[in-house]
Amino acid sequence: MKHLILKTTVLSIALLAGSTSAQAAGGKWQQNNQTNTSSTSSTTTTTSQLTTFESTSLKFMREEEKLARDVYLTLYNRWGVPIFQNIANSEQTHTDKVAELLVKYNIEDPVKSDAIGDYTDPAFSELYHALVDSGSQSYEAALMVGAQIEELDIADLQEQLNIIKKTDIANVYSNLLKGSRNHLRSFYSLILQGGFDYTPVHISQEEFDAIVNSDMETGNTNTTDTQTGGRGRRR
């Protein structure tokens, strides 16, 4: 999980041109990188069935997906471009899916308020403001922010899928990953239409090219094989 936070910090640094506040926020997240173990009930499963990484990952992704939604809604209000509202709706679905897993495993939800820009982890609060400030400068900058958010999601999800073994979590993350690739394709299409240049920040140029030059993906990953790590068949 430490690597995930470093990637988040890198994004805020890139947008803030070297701000040290983002680095401090990353350190704060690492201090809070703890698992909240709760008892079972008739409708939930004990967190002891998850690794510390899996529990922390779920809380992290819950707020990261909300962050993406919040930034896109704010940029939609600023620019009135439909892509931001459309993808914000998708991000709402993403964060809701992670929330369902938190309930299932009786993990405390870090999202205490649905208000835009409101997070438990101060690192996300700082990143939200950095992204919105950057994306509010111009329409081009807003598209760049969208593409970078989706890149960051792709990088984070791929790293977590290499570690997570719990099938239901891996299935959800695999579907979020597919959604992020589709979102990246959509943002890049508008970047090209605007005559703008874009260089990937969080994934390799080779991986970026493979994504944006391929078709939109459909279908959901749904496997019951506990050893697949989310790479099961698609239905």
Side-chain angles (χ1 to χ4, degrees), residues 3-23 25-26 61 64-92 94 116-117 123-161 173 175-218:
H3 293 158
L4 306 180
I5 305 309
L6 290 177
K7 287 175 183 175
T8 302
T9 302
V10 166
L11 177 56
S12 59
I13 289 173
L15 293 172
L16 290 172
S19 169
T20 58
S21 63
Q23 295 175 340
M61 290 310 303
E64 184 172 88
E65 296 297 333
K66 179 181 182 295
L67 169 74
R69 183 207 69 170
D70 292 354
V71 172
Y72 294 152
L73 286 175
T74 303
L75 292 181
Y76 174 72
N77 289 335
R78 173 68 177 86
W79 299 107
V81 180
I83 188 173
F84 293 111
Q85 186 173 54
N86 293 339
I87 295 185
N89 292 338
S90 179
E91 301 295 353
Q92 180 66 63
H94 290 184
I116 291 176
F124 285 111
S125 297
E126 293 193 23
L127 187 53
Y128 166 79
H129 291 292
L131 292 165
V132 168
D133 287 347
S134 180
S136 297
Q137 300 303 309
S138 67
Y139 171 60
E140 176 184 1
L143 294 178
M144 301 298 172
V145 164
Q148 287 187 6
I149 288 175
E150 299 307 329
E151 269 194 74
L152 182 65
D153 275 354
I154 290 168
D156 281 351
L157 287 165
Q158 286 179 156
E159 182 169 349
Q160 292 174 84
L161 281 167
Y173 283 10
N175 291 325
L176 299 188
L177 181 58
K178 178 196 67 181
S180 291
R181 289 193 296 260
N182 283 341
H183 297 167
L184 181 57
R185 294 179 180 106
S186 296
F187 278 118
Y188 187 61
S189 176
L190 289 184
I191 288 171
L192 290 180
Q193 288 179 28
F196 310 129
D197 295 323
Y198 183 80
T199 301
V201 176
H202 303 289
I203 61 177
S204 69
Q205 185 69 55
E206 181 180 10
E207 182 177 6
F208 177 83
D209 290 342
I211 293 172
V212 299
N213 292 320
S214 58
D215 294 335
M216 289 287 188
E217 300 170 68
T218 59

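Both backbone and side-chain heavy atoms feed into the values below; hydrogens, waters and symmetry mates do not. Bear in mind that the values here come from a model prediction, so they are computed numbers and not experimental data.
To the nearest 0.5 Å, atom CD of residue Q148 and atom CG of residue L143 are 11.5 Å apart. In this structure, L127 CG and D70 CG are separated by 11.0 Å, a value rounded to the nearest 0.5 Å.
Sequence neighbours left out, not one pair with a member in residues 192-201 passes salt bridge (Lys or Arg N to Asp or Glu O under 4.0 Å). Annotation: side chain to side chain donor-acceptor pair (under 3.5 Å) contacts involving residues 74-89, sequence neighbours excluded, comprise T74-Y128. Among residues at least two apart or in separate chains, there is no salt bridge (Lys or Arg N to Asp or Glu O under 4.0 Å) pair with a member in residues 135-145.
The minimum heavy-atom distance linking G135 with A142 is given by the pair O-CB, 3.4 Å. Closest non-hydrogen pair, T218 versus K178, comes out as C-NZ, 4.0 Å. The shortest heavy-atom contact between L157 and S180 is CD1-OG, 4.3 Å. Across G117 and K66, no two heavy atoms sit closer than the pair N-NZ, 4.1 Å. The shortest heavy-atom contact between E151 and H202 is OE1-N, 2.6 Å. The two residues F196 and M144 have their closest heavy-atom pair at CB-CE, 3.8 Å.
No more than 12 heavy atoms of other residues, nucleotides or ligands sit less than 6.0 Å from atom CG of D215.
Between I149 and Y72 the shortest side-chain heavy-atom distance falls below 4.5 Å. Side-chain atoms of V145 and V132, non-hydrogen and from C-beta on, never get closer than 4.5 Å to each other. Counting heavy atoms from C-beta outward, I87 and E150 have side chains that approach closer than 4.5 Å.
Residues passing the salt bridge (Lys or Arg N to Asp or Glu O under 4.0 Å) test with D153: none are found, sequence neighbours excluded. Under the side chain to side chain donor-acceptor pair (under 3.5 Å) criterion, E65 pairs with H94, sequence neighbours left out. For E207, the side-chain contact (heavy atoms from CB on, under 4.5 Å) partners at least two apart in sequence or on another chain are I154, Q158, I203, S204, I211.
Counting only distance, with no hydrogens or angles, the side chain of Q137 and the backbone of D133 share a donor-acceptor pair below 3.5 Å. For E159 (side chain) and A155 (main-chain N/O), no donor-acceptor pair under 3.5 Å exists by modelled atom type. In this structure, the side chain of S134 does not engage the main chain of A130 through any donor-acceptor pair within 3.5 Å.
Checked by atom type, the side-chain pair R185/S214 shows a donor-acceptor distance below 3.5 Å.
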Side-chain polar contacts of residues 186-194 - donor-acceptor pairs under 3.5 angstrom, sequence neighbours left out - could you list them?
{"unit_1": "S186", "atom_1": "OG", "unit_2": "N182", "atom_2": "O", "d": "3.2"}
{"unit_1": "S189", "atom_1": "OG", "unit_2": "Q193", "atom_2": "NE2", "d": "3.4"}

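F208 and Y198 have tilted rings, their planes meeting at an angle from 30° to 60° on a 0 to 90° scale.
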Checking side-chain contact (heavy atoms from CB on, under 4.5 Å) for the pair L75/L131: CA distance, chi angles, key distance, verdict? CA-CA 9 Å; L75 292 181; L131 292 165; over 6 Å; no
Step-by-step side-chain hydrogen bond (donor to acceptor under 3.5 Å, both in side chains) determination, D209 to Q205: CA-CA 6 Å; D209 290 342; Q205 185 69 55; 2.9 Å; yes
